[in-house]
Amino acid sequence: MSIEKYEVIVIGGGAMGLASAYYLGKRKVKSLVLEQYEFLNQQGSSAGVSRQFRIPYPQEYMVQMALDSMPYWDELQSHAQSVLLDKVGTLWFGDPTVQSTEGNINEAKKAMDALNVPYESLTSSQIESQYQFKNLPDSYEGIFQADGASIDFRATIETLLDQCHNNSYISLKQQSPVIHIQPEGSGFMVSTPTAKFLTEKLILTPGPFVNDVINLLNFSIEATYWNMASAYFKKTENSIQYPTWFVFQNPEGTNGNQFYGFPEVYWDNPEYIRVAPDFVMHPLDDPSQRTFIPNPQELAYTSQWVKDHMTGLAPEPLFTSTCLVALSKIPNKELIIDFAPNYVDNYKNVVIYATGWAAKFTPYLGKVLVDLSLDGHTSIDLSPFKMGDQFFKALK
C-alpha cells in the first residue's frame with residue numbers, strides 16, 4: 001500500500017474542517033480533509049440549513065470575535081452564488097435577570113457598550129409592537145442589534161466545499177473514518193480502513209465526534225451531547241416577518257423555558273418560520289445515541305410558546321429535525337481551541353477545535369486554526385478558549 005504524504009491533514013469535513021482547508025489552500029499548503037461520512041452530511045453539528053449570526057454576547061472577547069469575523073464572511077461571500085448572511089438583525093428579549101446558555105441581556109449591553117457597538121434598548125410593549133410578539137410580561141426588556149443575520153449555512157458549507165474542490169493544494173476524501181493515529185518522526189501516520197497517510201501536522205475538527213478522534217491520541221474531553229430539536233411553523237399572515245431572536249425566561253421546573261427563532265428564509269421551507277427550544281430534556285451520553293427525531297415534549301413546549309407569544313403562525317410544528325452538538329463540561333469553556341496536551345507526542349503539531357456553537361465564526365475560525373497549525377500562534381487571544389493540559393483526560 002502506497003502512503004500519500006501531506007503537510008496538514010484535517011480530520012472532520014464539516015463547516016470548520018472545510019473552512020480550515022479553505023485557508024490552507026490560500027496559503028498553498030498541500031492538505032487533505034478526511035470525512036467519516038459524506039460531505040454535506042446531516043450527522044453532526046453542521047446539520048441543518050440555518051444558523052444565527054449575532055454580535056451580542058456577555059463577554060467582550062466574544063463580541064470582538066463576532067466583529068472580527070465579519071470581514072471573513074465578506075470575503076467568503078465573494079465566492080458564493082447566493083447571499084450567505086441575510087441581515088435581519090438580532091433581537092434579545094425577556095427577563096433581564098436571567099442567565100442562560102446565551103448569556104444575559106444586561107451583560108451583553110455592557111460588553112457592546114465597551115466596544116462601541118450600537119444597539120436599541122426596548123420595552124416589553126415596544127417588542128410587541130415592532131416585532132410581532134404578544135402577551136409578554138411587562139417586566140421584559142430587550143435589545144435589537146442591526147448587524148444580526150440568518151446564515152444560509154448549507155450555502156456556506158457548499159461554498160467552502162466548492163472552493164476546496166477547485167484548489168489544487170487540497171484533497172478531499174469522504175467515507176474515510178480515521179481508525180488509527182501513530183506518531184511518526186515529528187509528524188503522524190494517519191490510517192483509514194482503506195489507506196494510510198503521512199503528515200507533519202493535524203487539525204482536528206470532528207465536531208461532536210471529537211473523542212472518537214482524540215482517543216486515538218490517548219486523551220479525551222469531558223462533554224455533554226445534545227440532540228438539538230428544531231421545527232418550522234406555517235405562516236398564517238403573509239406580512240409577518242421576524243428577526244433572529246432569543247427569549248430569556250426563567251426555567252419552568254427542570255424542562256427549560258428558553259426558545260429562539262429565525263425569519264422566513266428563501267432557501268428552506270418558504271412560508272414557514274423556524275422556532276426551536278434552547279434546552280434539552282434528555283442529554284446523550286455518547287454521540288452514537290444521536291437520533292433525527294426530536295423529543296416530542298420539547299416540541300410541545302415550543303409549540304405552546306409559539307401559540308402563546310407569536311403572531312401570524314400556526315402552532316403545529318412541521319419539518320422537524322435535530323442537530324447533534326457537543327458542549328464542554330468545563331465552566332465558561334463553550335469553545336475549545338487549543339493544542340493537544342503536552343503529554344501527547346508532537347503535541348504542538350496537533351490543533352483542536354471542539355464543542356459549543358460557532359457557526360457564526362465559521363470562516364474566521366478556519367483562518368485561526370490554520371494560523372495556529374502553521375505558525376504556532378494567531379492574532380487573537382486564545383486564553384478564553386484554551387482548556388489547558390489539566391482539563392484534558394489522559395487515557396493511559
Side-chain angles (χ1 to χ4, degrees), residues 6-33 45 53-55 57 59-76 111 114-115 156 160 163-164 167 169-170 186-188 199-207 210 213-214 217 219 221 328 330 332-342 344 346-392:
Y6 294 90
E7 295 177 65
V8 180
I9 290 179
V10 179
I11 300 178
M16 290 303 168
L18 292 174
S20 298
Y22 174 67
Y23 283 100
L24 287 166
K26 281 181 166 292
R27 293 187 62 170
K28 299 182 178 180
V29 175
K30 185 181 179 183
S31 304
L32 169 67
V33 181
S45 54
F53 177 87
R54 61 176 165 94
I55 303 296
Y57 271 98
Q59 307 95 351
E60 286 184 36
Y61 65 84
M62 292 296 284
V63 174
Q64 187 62 60
M65 189 157 72
L67 294 172
D68 290 344
S69 72
M70 295 173 75
Y72 294 87
W73 279 108
D74 292 340
E75 194 278 334
L76 186 62
L115 294 171
T156 298
L160 289 167
Q163 290 298 301
C164 291
N167 191 304
Y169 289 91
I170 305 301
S186 60
F188 303 91
T199 185
E200 186 71 14
K201 296 174 182 289
L202 294 170
I203 297 178
L204 309 183
T205 58
V210 59
V213 174
I214 65 176
L217 293 168
F219 69 101
I221 291 171
S328 167
I330 305 301
N332 302 316
K333 293 289 182 183
E334 179 185 329
L335 307 182
I336 296 172
I337 306 170
D338 208 345
F339 294 100
N342 61 14
V344 172
N346 306 325
Y347 71 98
K348 281 293 186 180
N349 286 337
V350 182
V351 173
I352 304 162
Y353 162 75
T355 74
W357 294 284
K360 61 188 73 66
F361 308 122
T362 295
Y364 183 48
L365 284 187
K367 173 69 161 52
V368 167
L369 294 173
V370 168
D371 288 347
L372 282 178
S373 178
L374 300 183
D375 306 327
H377 59 85
T378 188
S379 59
I380 65 171
D381 177 13
L382 289 179
S383 57
F385 311 112
K386 294 177 72 68
M387 292 242 344
D389 293 344
Q390 70 273 25
F391 291 119
F392 288 115

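Keep in mind that the numbers below use all heavy atoms, side chains included, and drop hydrogens, waters and symmetry copies.
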Test item: Lys201 side-chain N/O and Glu7 main-chain N/O as donor-acceptor pair under 3.5 Å: no

Glu334 side chain to Trp357 main-chain N or O, any donor-acceptor pair under 3.5 Å? yes

Compare all side-chain heavy atoms of Met16 with those of Thr362 and state whether any distance is below 4.5 angstrom. yes

Leu372/Ile337 under side chain to side chain contact (heavy atoms under 4.5 Å, CB included): CA gap, chis, key distance, verdict: CA-CA 9 Å; Leu372 282 178; Ile337 306 170; 3.7 Å; yes

Is a side-chain donor-acceptor pair under 3.5 Å present for Asn167 with Gln163? no

Compare all side-chain heavy atoms of Met62 with those of Leu335 and state whether any distance is below 4.5 angstrom. yes

Taking C-beta and beyond as the side chain, do Glu60 and Val63 meet within less than 4.5 Å on heavy atoms? no

Is it true that the NZ or CZ of Lys28 lies under 6.0 Å from the centre of Tyr169's six-membered ring and within 45 degrees of the ring axis? no

I want to check something: taking the side chain as every heavy atom from C-beta on, are Met70 and Ile55 in contact at a cut-off of under 4.5 Å? yes

Give a yes or no on whether the backbone of Gly12 and the side-chain of Thr205 come within a donor-acceptor separation of less than 3.5 Å. yes

Rounded at 0.5 Å granularity, tell me how far OH in Tyr61 sits from CG in Asp68. 14.0 Å

Between Phe361 and Tyr57, how do the two ring planes meet: parallel, tilted or perpendicular, split at 30° and 60°? parallel

Taking the side chain as every heavy atom from C-beta outward, state whether Ile9 and Phe188 have any pair of such atoms under 4.5 Å apart. no

Are Leu382 and Asp338 side-chain neighbours, meaning at least one heavy-atom pair lies under 4.5 Å? no

Check whether any side-chain heavy atom of Ile214 lies under 4.5 Å from a side-chain heavy atom of Val350, and answer yes or no. no

Is there a side-chain contact between Ile380 and Val368 in this structure, where contact means two heavy atoms from C-beta onward sitting under 4.5 Å apart? yes

Backbone N or O of Ser379 within a donor-acceptor pair of the Asp371 side chain at under 3.5 Å? no

Side chain to side chain contact (heavy atoms under 4.5 Å, CB included), that's the test. Do Ile330 and Ile336 meet it? Break it down for me. CA-CA 10 Å; Ile330 305 301; Ile336 296 172; over 6 Å; no

Ring pair (Phe, Tyr, Trp, His ring centres under 6.0 Å) test vs Tyr364 passes for just one of Tyr353, Tyr72, Trp73, namely Tyr72

What's the spacing between Gln64 CD and Ser69 OG if we round to 0.5 Å? 10.0 Å

Do Ser383 side-chain atoms and Asp381 backbone N/O form a donor-acceptor pair below 3.5 Å? no

Salt-bridged, Glu75 to Lys26, with N to O below 4.0 Å? yes

By ring pair (Phe, Tyr, Trp, His ring centres under 6.0 Å), which residues pair with Phe219, not counting sequence neighbours? Phe392

Between Arg27 and Asp375, does a salt bridge (Lys or Arg N to Asp or Glu O under 4.0 Å) hold up when you go through it step by step? CA-CA 12 Å; Arg27 293 187 62 170; Asp375 306 327; 2.9 Å; yes

Report yes or no: is the cationic atom of Lys30 (NZ for Lys, CZ for Arg) under 6.0 Å from the centre of the six-membered ring of Tyr6, at an angle within 45° of the ring normal? yes

Does Ile170 offer a backbone N or O that forms a donor-acceptor pair with the side chain of Ser31 under 3.5 Å? no

